[in-house]
Every structure is written in structure tokens, then in C-alpha cells.
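One structure is given here, and the rest of the page talks about it.
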Amino acid sequence: MSIISAKAALSGAVPAGSEVTVQGWVRTRRDSKAGCSFIALHDGSCFDPIQVVAPATLPNYESDVRRATTGASVIARGVLAPSQGKGQALEIQATEVVLVGEVDDPETYPIQPKPHTLEFLREVAHLRPRTNTFGAVARVRHAAAQAVHRFFHEEGFVWVNTPIITASDAEGAGQMFRVSTLDLANLPRTESGAVDFSRDFFGRETFLTVSGQLNVEAYCLALSRVYTFGPTFRAENSNTSRHLAEFWMIEPEIAFADLAADADLAERFLKYVFRAVLNEREDDLRFFAERNEPTVVSRLEQLVETPFARIDYAEAIEILKRSGRHFEFPAEWGADLQTEHERYLTEEHVKGPVVVMNYPEAIKAFYMRLNDDGRTVAAMDVLAPGIGEIIGGSQREERLDVLDRRMAQFGIEPDHYQWYRDLRRYGSVPHAGFGLGFERLIVYLCGLSNIRDAIPYPRVPGHAEF
RNA sequence: UCCUCCAUAGCUCAAUGGUAGAGCGAUCGGCUGUUAACCGAUAGGUUCCAGGUUCGAGCCCUGGUGGAGGAGCCA
């Protein structure tokens, strides 16, 4: 008698008539005076639970089966058989039911068999994976993460684990979390009274990383095609449905490549990941389409099949000006595109995904390559209907003299970036890359409205419970 | 950080300044190869906290705390 998952039981992978064991948690139990109880048992292996039919003739029927309330853990052995009822093709005709862990107070068990608000479920983050929604999010997140690694692996990329703890100053990417073992109540001081970080664990100030990009560039200029995929931290006090203090970022970097190659990579990447999730998590996506966002499947299918348009920033500004649309912030050359601008471009003008390229140099980061016109940099944003900006990237400045000028212009201390400058001194090549926040991808895939539901344990200002 | 809205039973929400209610969930019973079943009954309340106004505050005022949406910043 083999132990099988609900997925194996329901998918036909195990032939009907087999003696099997299933184990999981009770979603609902319905008692029938016909002489049995119906237990909807979920184990997370797929969206649907497996129905266990427990006959009243079981010796522990009154003592255990009738106490298997919502949330209890159960092992059931029996025959996988065609269901006599409608609603499922197969079910377990149980010959033995073991109540492994009961719910000691059913009244206060938070996950009741009824709809809950996502806000409430955030307060019980340790139990919310037992719900339809968060089980499905977890499976989609896994499928997407696997697809990310598979895509890069198949394209010959090397996964580089850039450091979590970094001594690099924020290059304008945001506030950083300090990492220190100093005694906060008794800080060592220098003669001038400043905190003496030379006595800290690393002998200097250190922080949690805000990006692995600069580190991964070094590996790019050796291994040619590399990427990072790991946790990233921002200490910004931003309380929105789109920001987390701890999130996962994906940052590929390619050598001997320009911005056009970067945009091509971004397009292939998104299509690969979306196609994989469409193929692998059809059950979960169907649920999200019913529950969250009706277009969640159709918009993914459309994005996979539509070639991404490419327009210049300057062209985008002209399109916005000619649109006749009133924007809260008028589109002007030199200003960054607002959310309302991005949505107009992708949802109404292009009516599909679009890559906007070559932004004014003053509004972009110091490491982005200065174009020959001297006023724009080789930066790109990928915009998609229903979400707006999903990827940001650039060709990097590979010329040391230009990089030094840009660092000076942005007021960046060159001493902290000697190793980064070295990459331009020893065998520099044109290279490019992009970054995207993994949770924003999950929000889009699942049709969620708050990024706090796209990560198991969200960290935001004021909250690090669980 | 700024703006707006919100906070009442385990959950979702009602309640003109005058006796705090319903649905769902839970418990018990009934019924049924059931489908987040159905029918009946029962239990369940510091109305977020601290002040204030009033004969009387869930409701009005002040200050907190917490939540949501939007903005800015960004991924």
C-alpha cells in the first residue's frame, strides 16, 4: 500500500482500484446518515483536495473521524475508486482513518471553511498556506522560480550567489539595513565622538544588500552570461501594495552585449516563465481567474504570443503629448514616466507589452551607459498591460573615463568602488543586464492586488512577525 | 513620509445620541452519496485604547494604536 499525493490520486497517475494511503489536512467534513463521512483532504500537491469516504463502520468512527474537524491532520488508507457522487472523478474508500493531530478548539481555528479577507489572513501568516489562495500562490511561486532557473540554465547562464551582507554604499538604490554586532547600549567611539565601526564585526560599516548587480557584473566579465536570484533588502519607509522591505530579485547580466540584446533577453525571459506557469499551474491559475482577476490567464497567453514593441523614450514622450489625454503629471522630455504614462503607453497606445529605451541621463543611475548624444543613457523599461513597469535594465558604462565622470556627477565616492572601476581597467567589454522583483511577477501571475500576499512572510515597515 | 477612508461576536458586516443585531463559522440535534450541503436550537460582546462633551456615547469631540486605498520612491 503506497503513500500517494492528492495530485497522484486525482491525475490518474495511480490506477483506480489501487490500495493507497493519503495524508493531509481536513478542508471540510460532511457527515451523512447514509453511513459515512466525506472528508475533503488537501496536501498541497495540487489545487483540489482528495475526497476520503469514511464509513461509519470504522471502529474509531465516533472517537476520531467525527472529531476530524477543519484543519485536523489525517492519514487515510483505502481503495482509490471512481466516485459515486458528482464533483470528483475519484475518491478514497477508506478502510482506516488515523486522526494524527486534532484541532483542539475548532471555534477559534482561524481558517474556517468560508471566505476570508486577505487582510485577515495576513494576521495568521502561519496558517494561511492552508487556504486555497495561499496554497495556489505558493505553487505558482515555486513553478515560476523553477522556470527562472531553467530558462537561464538552458540559455547557458551561470547562477551567481552575490553577497547578502555588503560594504558598498547605497548607490541611490534606497535606504539600507545596517548589519552590526556592536552593543547598541554601549557603542565604541572614536576620538571625535563618532561610532567606531573599525571595532564592528567586519571592521567597517556593513549593510544588507539592495542589489547584486555590481557584484554580478564582475562574474559577467569572466563567465559571460550570469544571473542572481536571491533576497534583497530596502529600508525605505514606503507603505504601499507594491513594496516589501525584503524581497527576491532576479538580475541577469550578459557580456559583449548592448541594450538591444538586453531587451531581447528580457522578452525571451518573460515569455518563457509565463508559458511555464501556464503549462504547469493551470489549476491554480483557473482559481485566480475566478477569484481574483478574470483576465489572469488571457493576459498571460496574450503576452506570451505578442511580440514586444520597442520605442524610444523621446518617441514615448511625443506619443503622450499627442494623445490628447489629460495626465495629472504632463509628459515632458527630461521627466521620468509616471505610472499613468506607462499604463497609457502599454494598455492604450501599443495595446501590448512595450520596451521603452534610452532615457534622459539625469534621471537614471550612474552605471548606465551614456549614449553618443550625450543626453540619454542606454536604459530600458519593459511595460506590460495591467501591471506597468515589470523589468528595468540597461547597458552598463564600460568606459572608465566616462564612468568616473558619471560618478562625480552623481556625487559618488570613487574610493568605495575601486573594485568596480577595476572591471573597466582590465578587459572591459560592453555588457548589459536587467532586474526584476520576483514578487511583482507573482502578483501579476496570480492577479493579486497586494504584494504582501505574494511572499510567505512579508516584511514591511513596522512588521516582522512570524 | 503625505492624503483619504476604516476599526462592533471567531470571520464578514448592521444598529436616528436612548434595551448591541444578522449572516457565516462553532457546539448540539435532525436529514441527506455529501460537494465551503440543507433544516432547527444553543452558546458567543471591555463596540481598538486613553481622555472629553452629555441625564445618557458603538454613534459626537481630542489624542493615540492598528488596517486599507492612493501618492512619492522604487523592484
Side-chain angles (χ1 to χ4, degrees), chain A residues 26-40 42 48-56 66-67 69-71 81-88 91 93 103 105-124 127 131-133 170 172-175 209-213 228 231-251 291 328-329 336-340 342 363-365 381-382 387-393 434-444 449-452 454-455 460-463 465:
Chain A
V26 176
R27 185 59 63 65
T28 62
R29 192 197 75 236
R30 296 175 295 277
D31 300 326
S32 169
K33 276 296 179 290
C36 59
S37 290
F38 301 96
I39 298 171
H42 73 96
D48 289 319
I50 178 77
Q51 175 161 283
V52 173
V53 184
R66 298 261 292 165
R67 280 163 64 199
T69 56
T70 299
S83 177
Q84 297 170 32
K86 300 175 176 30
Q88 61 282 316
E91 65 190 16
Q93 294 284 352
V103 171
D105 184 2
E107 172 144 26
T108 58
Y109 179 61
I111 311 301
Q112 300 162 356
K114 56 165 292 189
H116 287 105
T117 60
L118 296 171
E119 291 81 9
F120 169 70
L121 291 172
R122 274 172 220 147
E123 297 170 7
V124 287
L127 296 172
T131 63
N132 281 332
T133 294
Q175 292 292 311
T209 183
V210 293
S211 165
Q213 180 202 314
T228 71
T232 309
F233 308 87
R234 303 275 168 93
E236 297 285 352
N237 185 18
S238 55
N239 233 314
T240 80
S241 57
R242 302 178 306 284
H243 291 84
L244 293 165
E246 175 181 305
F247 63 100
W248 285 58
M249 193 146 67
I250 298 159
E251 297 170 293
R291 174 73 182 262
E328 189 182 345
F329 297 91
D336 210 350
L337 297 179
Q338 300 288 319
T339 301
E340 56 180 344
E342 294 178 341
I363 61 172
K364 291 292 183 180
D381 283 344
V382 180
I387 184 172
E389 180 184 336
I390 188 167
I391 281 180
F434 62 79
L436 80 157
F438 187 52
E439 284 73 20
R440 290 190 177 174
L441 197 68
I442 301 304
V443 163
Y444 188 62
S449 52
N450 194 315
I451 201 166
R452 297 172 190 199
I455 189 167
V460 296
H463 292 283
E465 301 91 351

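Reminder, nothing fancy here: chain letters follow the sequence lines and each chain counts from 1. No hydrogens, no waters, no symmetry mates; every other heavy atom, side chains included, goes into these values.
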statement: Rounded to whole Å, CD1 of A:I390 lies from P of B:C74 at a distance of 19 Å
query: What about A:Q93: does its side chain form a donor-acceptor pair under 3.5 Å with the base of B:G33?
result: yes
task: Specify the separation, in whole Å, of atom CG of A:D381 and atom P of B:C74.
output: 11 Å
- prompt: Quick one: A:Y109 OH to B:A26 P, roughly how many Å, whole number?
  reply: 12 Å
query: Can you check whether A:A454's main-chain N or O pairs, donor with acceptor, with A:E439's side chain at less than 3.5 Å?
result: no
message: Under 3.5 Å, is there any donor-acceptor pair linking the side chain of A:Q84 to the base of B:G33?
response: yes
query: Of the nucleotides B:U34, B:G72, B:G25, which has the atom closest to the A:Q51 side chain?
result: B:U34
task: Under 4.0 Å between any heavy atoms, over every strand shown, what does A:R29 touch: base, sugar-phosphate, or nothing? Just pick one.
output: nothing
query: So which nucleotide does B:U46 pair with, by the Watson-Crick or G-U wobble rule with both distances under 3.5 Å?
result: none
query: Can you check whether A:F329's main-chain N or O pairs, donor with acceptor, with A:E340's side chain at less than 3.5 Å?
result: yes
message: Rounding to an integer number of angstrom, what distance separates B:A50 and B:C59 when you compare their P atoms?
response: 13 Å
query: How would you label the contact of A:T339 with the nucleic acid (heavy atoms, under 4.0 Å): base, sugar-phosphate, or nothing?
result: nothing
field: Whole-Å gap separating P (B:U35) and NZ (A:K86)
entry: 11 Å
- line: Contacts of A:E342 and A:G462 projected onto RNA chain B by closest heavy atom; the upstream (5') one is A:G462
task: Compare the minimum distances between each of B:C11, B:A71, B:A68 and the side chain of A:K114, then state the nucleotide with the smallest one.
output: B:C11
- request: Output the distance between atom OG1 (A:T70) and atom CD (A:Q112), rounded to the nearest 0.5 Å.
  value: 8.5 Å
query: Which listed nucleotide (B:A68, B:U27, B:U32) is nearest to the side chain of A:T69?
result: B:U27
field: Given B:A68, B:U27, B:A37, the nucleotide with the shortest approach to the side chain of A:R30
entry: B:A37
query: Among B:U34, B:G29, B:A71, which nucleotide sits nearest the side chain of A:R66?
result: B:G29
message: Taking the P atom in each of B:A26 and B:U16, what is the distance between them to the nearest angstrom?
response: 31 Å
- prompt: Within the structure shown, what part of the strands sits under 4.0 Å from A:S241 by heavy-atom distance: base, sugar-phosphate, or nothing?
  reply: sugar-phosphate
message: Counting the atoms with a prime plus P, OP1 and OP2 as sugar-phosphate, which does A:R122 contact under 4.0 Å by heavy atoms, base, sugar-phosphate, or nothing?
response: sugar-phosphate
- prompt: Contact class for A:I391 (heavy atom, under 4.0 Å): base, sugar-phosphate, or nothing?
  reply: nothing
Check: A:P113 main-chain N/O paired with A:R27 side-chain donor or acceptor under 3.5 Å: no
message: Can you tell me the base-pairing partner of B:C31? Count Watson-Crick or G-U wobble geometry only, both distances below 3.5 Å, and say none if there is no partner.
response: none
query: Roughly how many Å is it from NE2 in A:H116 to P in B:G67, rounded to a whole number?
result: 19 Å
- request: For A:L337 and B:C73, give me the distance from atom CG to atom C1', rounded to whole Å.
  value: 15 Å
message: Between A:R242 and A:E465, which residue's closest nucleotide on RNA chain B lies nearer the 5′ terminus?
response: A:E465
statement: In Watson-Crick or G-U wobble terms, with both distances under 3.5 Å, the base opposite B:A22 is B:U12
- request: Identify whether any heavy atom of A:E439 sits under 4.0 Å from a base atom; if not, whether one sits that close to sugar-phosphate; answer base, sugar-phosphate or nothing.
  value: nothing
message: Heavy atoms only, 4.0 Å cut-off, all strands: where does A:F247 land among base, sugar-phosphate and nothing?
response: base
- request: Keeping the roles fixed (side chain from A:H42, backbone from A:N132), state whether a donor-acceptor pair exists under 3.5 Å.
  value: no
- prompt: Where the side chain of A:T28 is concerned, which of B:A37, B:U34, B:G67 is the nearest nucleotide?
  reply: B:A37
- prompt: Over how many whole Å does the gap from A:E389 atom CD to B:C74 atom P extend?
  reply: 10 Å
- request: Among the candidates B:G33, B:U12, B:G67, find the nucleotide nearest to the side-chain atoms of A:A34.
  value: B:G33
field: Base B:G66 to side chain A:E119, donor-acceptor N/O within 3.5 Å cut-off
entry: no
statement: The Watson-Crick or G-U wobble partner of B:C74, with both key distances under 3.5 Å, is none
side-chain contact (heavy atoms from CB on, under 4.5 Å), paired with A:E119, selected from A:R122, A:E123, A:H116: A:R122
A:R234 side, atom CZ; A:H243 side, atom NE2 - distance, nearest 0.5 Å: 8.5 Å
message: Can you identify which nucleotide, out of B:A36, B:C11, B:G72, has its nearest atom closest to the A:S238 side chain?
response: B:G72
- request: Flag the pair A:Q88 / A:D48 as yes when at least one side-chain heavy-atom distance between them is below 4.5 Å, and no otherwise.
  value: no
- prompt: Looking at the side chain of A:H243, which of B:G66, B:C74, B:G25 is the nearest nucleotide?
  reply: B:C74
task: Name the pairing partner of B:G69, where a pair is Watson-Crick or G-U wobble with both distances under 3.5 Å, or state none.
output: B:C3
field: P gap between B:C28 and B:U19, integer Å
entry: 35 Å
Candidates B:A68, B:C24, B:U34 - which lies nearest the side chain of A:Q88: B:U34
- request: Measure from CG on A:D336 to C1' on B:C74 and round the result to the nearest Å.
  value: 10 Å
- request: May I ask you to say what A:D105 touches in the nucleic acid, namely base, sugar-phosphate or nothing, with a heavy-atom cut-off under 4.0 Å?
  value: nothing
task: For B:G23 and B:C39, measure between their P atoms and round to the nearest Å.
output: 11 Å
- request: Would you mind classifying the nucleic acid contact of A:F434 as base, sugar-phosphate or nothing, using non-hydrogen atoms under 4.0 angstrom?
  value: nothing
query: Watson-Crick or G-U wobble partner for B:A57, using a 3.5 Å limit on both distances?
result: none
- prompt: On a whole-Å scale, what distance lies between the P atoms belonging to B:U65 and B:C13?
  reply: 24 Å
message: Taking atom types as they are modelled, would you say the side chain of A:E91 forms a donor-acceptor pair with the base of B:U35 within the 3.5 Å cutoff?
response: no
message: I'd like to know if the side chain of A:E91 reaches the main chain of A:A81, judged simply by a donor and an acceptor atom lying under 3.5 Å from each other, with no hydrogens or angles considered.
response: no
